[in-house]
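I have placed the structure first, in the form of structure tokens, so that the comments after it can refer back to it.
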Amino acid sequence: MNEMSPPTAERAAALKGLGSERKRVEDARFTQGKGNYVDDLKLPGMLFGDFVRSPYAHARIKSIDAEAAKALPGVVAVLTAEDLAPLGLHWMPTLAGDKQMVLADGKVLFQGQEVAFVVAEDRYIAADAVELIEVDYEELPVVTDPFKAQADDAPVLREDLDGNMEGAHGPRRHHNHIFTWEQGDKEATDTVIGSADVVAEEMIYYHRTHPCPLETCGCVASMDKVNGKLTVHGTFQAPHAVRTVASLISGIAEHNIRIISPDIGGGFGNKVGVYPGYICSIVASIVTGVPVKWVEDRMDNLMATAFARDYWMQGKIAATKDGKITGLWCHVTADHGAFDACADPTKFPAGFFNICTGSYDIPTAYLAVDGVYTNKAPGGVAYRCSFRVTEAAYFIERMIEVLAIKLGMDAAELRAKNFIKADQFPYRSALGWEYDSGNYQPAWDKALKAVGYDDLRKEQAERVEAFKRGETRKLLGIGLTFFTEIVGAGPVKNCDILGLGMFDSCEIRIHPTGSAIARLGTISQGQGHATTFAQILASETGIPADDITIEEGDTDTAPYGLGTYGSRSTPVAGAATAMAGRKIRAKAQMIAAYLLEVHDDDVEWDVDRFVVKGAPERFKTMKEIAFASYNQAIPGVEPGLEAVSYYDPPNMTYPFGAYICVMEIDADTGEWSIRQFYALDDCGTRINPMIIEGQVHGGVTEALAIAMGQEIAYDEIGNVKTGTLMDFFIPTAWETPHYTTDHTVTPSPHHPIGAKGVGESPNVGGVPAFSNAVHDAFRPFGLVQAHMPHDHWRIWKIAHDLGLHG
Amino acid sequence: MDKMHFKVTVNGKQEELLVEPRELLIHVLREKLGVTGPHIGCETSHCGACTVDMDGKSVKSCTVFAAQANGADVTTIEGLGTPDGLHVLQQMFKEHHGLQCGFCTPGMITRAYRLLQENPDPSEEDVRFGMSGNLCRCTGYQNIVKAVLASAAELNAVKEAAQ
């Protein structure tokens, strides 16, 4: 006889499933210093690699003299392009259809470029050896401006491509041009703009910045020559893709390569790409027969490893007199640096920038992006965003503000007037995307009410008057943003990286006693996957989350998946997890029905058990079913309880949000302080509200950094001016404001549990909110557009140029 | 370079080894003594991931030479709490979601430990200022500050109960 069933709610709570603020299972080891990051790894006989890097942004290499370095005791090898060339490894493919030097081949194209790789017994000897290598350079003219790079007399940067006018994404029209990417209806857009009541036009620059995770990139490559197996531990956001790429370029069979991503100290897009350090470590391990570790220092990371943004966005936005937007035109000049090494799905040379119509029902739009080579580091990674969505959101949210000025209209009202309406979803934008779901107006109303928007505008007007009377020197800015993200890359039909479709996967095994292990193709870098994926499975299978282990990041054990970046883990791997859970449940239903001696359709699921319909006292719990699957021969059913799902999403997901920043600015010093920051996110079904809130805090803080000071700056001859954390702004606890978080819930109609993903949203929404606040503070004095980052000096300069310093 | 005889006490254990005077304390800890809790994030004293407690002060071990640490008493994250019981700070960081990737966490907690020794009853402002030598890229600090304040309250409550 079965025991009495406890109340359903209590059983559901015990699972710690969807919606539970489950504490993170990862934290015990991190809080005790027991994390396992790549630099913690020490293998027997391990050597240490370090790079000789170019001091010049553009120079021919006349000779490399490594004799003194090789003679230094403790130095085992020095690799140059000449050593890699016979292996075909002195160049490697990039993720964007270009190729990149692994070690400088004849010339260098950016400061910090890898020229030679030293392998030594420890990092001190390696550093000493780097100093002993003499490279004779002949300086060449440098071009750091993407507009000047397209001049007829601009130096040819990529000599390897000289004369080759067919690029990976169509024809090249200049020797420093990479691609042109067009979307939308050019002619119709020109017509709309040509005949509109009002047109606002502006150049919006989203400066070059850097993900700068606290842990730099690195790896330990270990070639076991006895069994022919190459193992690489590394900071990889996409371990399976790294394995496939490593196999394709090294010729080592894929099953003989094992890629392991251990704990990762933050990724933010920085750890998606394949860098020369990985290749050189692998080659060095093959050459020396012992493990080789390479870990960047911070200067390496900031100078050479995957910048982000650097988009010059020329925009035109047309509207009727009363503020209905009729058309949007955008031309981007994209500075990609020396190699086109962007992390983008293959078919999108400018990523998902074509979501630049944002949250607005804009009937006509046209977009063109020109990629350009310059003497800067390559990269263009999706830094805490989904493939250039931050640039797109910044562009449209600035254009809306500029249009509001032109119309003499309140920017909050202008947004509301142009929102895609709830009944228009699914909504197909003029640039081709189908938004899955959204309900913007209630979210916007909630946000404006929460901050007391009308009162803030009154206060601002009073402040301006007081300023003019000389009673205060502090201005008030109200930064508005309403953004729509596009995440969940993605459907195999239109998203792939190097030909690998961007599905994801989950494999789950239930043990006889009813606990489980699930393995996924993703890899957490702080997002708490071990906690949240178990919550999804708890709700799907009735097994408590505490009884489910989540494993990721080892290609020998995890199913194939495209990794974690661009907020794709929840929309894609999270869906795979739910689907694998459902397969388990379907099989469990057959077993339960057999055990209860009824037809399959006569049992129904109830939290953690199957119950005979109409007879609530007759049931089998998941735990009982799990054991039965291992010890009873059930006709027509294989023993065991396992399932795997390779999930190819039918569409992307479209989380959205409303962010409002209230900022005080001192007109004399340029100092700013955030009085209020309100962030409303709608990411569909919420798996773990605590983790969502943590992601929002972190993302907004990265946005604060980007908007208010962080940039990778170059001088005219290509010197990186921001190569350490002394020059590269990262906010501390002291200047980071308080955030108020809020939410609405609009589930995705096509995701199995309705979840959309949230990790990138606060960065996408945060940057325009901060920037718009700065602009808004000076708007009453005539400011229309100023470039980020808004550091104190630049804000002071705005005030000065507007004549506010008397 | 000539090696020097280097003595240090790490988490209560005396260690003696030969090091180059130019070697940095963080490298000696991590690579020679196997104490990998403190991490390397910037090597310019900015990020604080390598923070350890040296002779009763928070120091950034990426810019302390082994020679300067000779004879010192060093506590790292591994020296807080025990295998059976977490230090209050470790517990509160878990409780208040004060970490994400975990890379800054050992430095954060080690710094917070000293901060609460210096100022057992800090205001939020004190915590924000006192922790401003430690960078985090994931959490936006909100929950770190919460965790440190909650730890102070917890430690004070324990102290009061004992009196």
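The structure displayed is predicted, hence computed values, not measured ones.
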Region of B:Tyr141 in contact with chain A, defined by heavy-atom distances below 4.5 Å = side chain
Pair B:Arg111, B:Ser58: side-chain N/O donor-acceptor within cut-off below 3.5 Å | yes
Is there side-chain contact between A:Lys293 and A:Val295, with at least one heavy-atom pair below 4.5 Å?
-> yes
Heavy-atom proximity to chain A below 4.5 Å, by part of B:Leu86 = side chain
Contact leader toward chain A among B:Leu135, B:Val145, B:Ile144, where contacts are heavy-atom pairs under 4.5 Å = B:Leu135
Looking only at side chains, do A:Gln525 and A:Tyr565 share a donor and an acceptor under 3.5 Å apart?
-> no
Top contributor to chain B interface from A:Arg384, A:Glu735, A:Arg123, A:Gln695 [non-hydrogen pairs under 4.5 Å] = A:Arg123
Using non-hydrogen atoms only, which part of A:Tyr739 is less than 4.5 Å away from chain B: side chain, backbone, both, or neither?
-> both
Under a 4.5 Å heavy-atom cut-off, does chain B meet the side chain of A:Pro762, its backbone, both or neither?
-> neither
Are A:Phe677 and A:His738 near enough that their ring centres are under 6.0 Å apart?
-> no
Side chain, backbone, both or neither: which part of A:Asp297 has an atom under 4.5 Å from a heavy atom of chain B?
-> both
Name the region of A:Thr701, side chain, backbone, both or neither, that has any atom closer than 4.5 Å to a heavy atom of chain B.
-> side chain
Which of A:Asp39, A:Thr216, A:Asn301 touches chain B most, by non-hydrogen pairs under 4.5 Å | A:Asp39
Proximity of B:His27 and A:Tyr124 rings by center, below 6.0 Å = yes
Would you tell me whether A:Thr564 and A:Ser569 have side-chain atoms, one donor and one acceptor, within less than 3.5 Å of each other?
-> yes
What part of A:Leu214 lies closer than 4.5 angstrom to a heavy atom of chain B: side chain, backbone, both or neither?
-> both
Sort A:Leu302 into side chain, backbone, both or neither according to what part of it lies under 4.5 angstrom from a heavy atom of chain B.
-> neither
Without swapping roles, check the side chain of A:Thr724 against the backbone of A:Met299 for a donor-acceptor pair under 3.5 Å.
-> no
In terms of heavy-atom pairs under 4.5 Å with chain B, the winner among A:Gly526, A:Pro737, A:Gly694 is A:Gly526
Checking A:Tyr37 against chain B: side chain, backbone, both or neither under 4.5 Å from a heavy atom?
-> side chain
Check each atom of A:Asn36 against the heavy atoms of chain B and say whether the ones under 4.5 Å are side chain, backbone, both or neither.
-> neither
Which one, A:Asp128, A:Asp263, A:Asp122, leads in non-hydrogen pairs under 4.5 Å with chain B?
-> A:Asp128
Residue among B:His46, B:Arg137, B:His87, B:Arg128 with most heavy-atom pairs under 4.5 Å to chain A = B:Arg137
Interchain contact, B:Ile40 with chain A, by part (heavy-atom threshold 4.5 Å) | both
Choice from A:Pro213, A:Gly699, A:Cys212 maximising heavy atom contacts with chain B below 4.5 Å = A:Cys212
Counting only N and O atoms by type, is there a donor-acceptor contact under 3.5 Å from the side chain of B:Gln142 to the main-chain atoms of A:His697?
-> no
Check whether the side chains of A:Asn763 and A:Tyr383 place a donor and an acceptor atom closer than 3.5 Å, and report yes or no.
-> no
Interface residue of largest heavy-atom contact number with chain A, from B:Gln91, B:Met108, B:Met131, B:Glu95, under 4.5 Å = B:Glu95
Can a donor-acceptor pair be found between the side chains of B:Asn134 and B:Thr51 at a distance below 3.5 Å?
-> yes
Distance-only donor-acceptor hits, side chain of residues 65-76 of chain B, under 3.5 Å, sequence neighbours excluded:
unit_1, atom_1, unit_2, atom_2, d
B:Gln68, OE1, B:Phe65, N, 2.7
B:Asn70, OD1, B:Lys7, N, 2.9
B:Thr76, OG1, B:Asn11, ND2, 2.9
B:Thr76, OG1, B:Glu78, N, 3.2
B:Thr76, OG1, B:Glu78, OE1, 2.6

Please flag which part of A:Glu215 lies under 4.5 Å from any non-hydrogen atom of chain B: side chain, backbone, both or neither.
-> both
Check: B:Ser61 side chain, B:Cys50 main-chain N or O, donor-acceptor pair, under 3.5 Å = yes
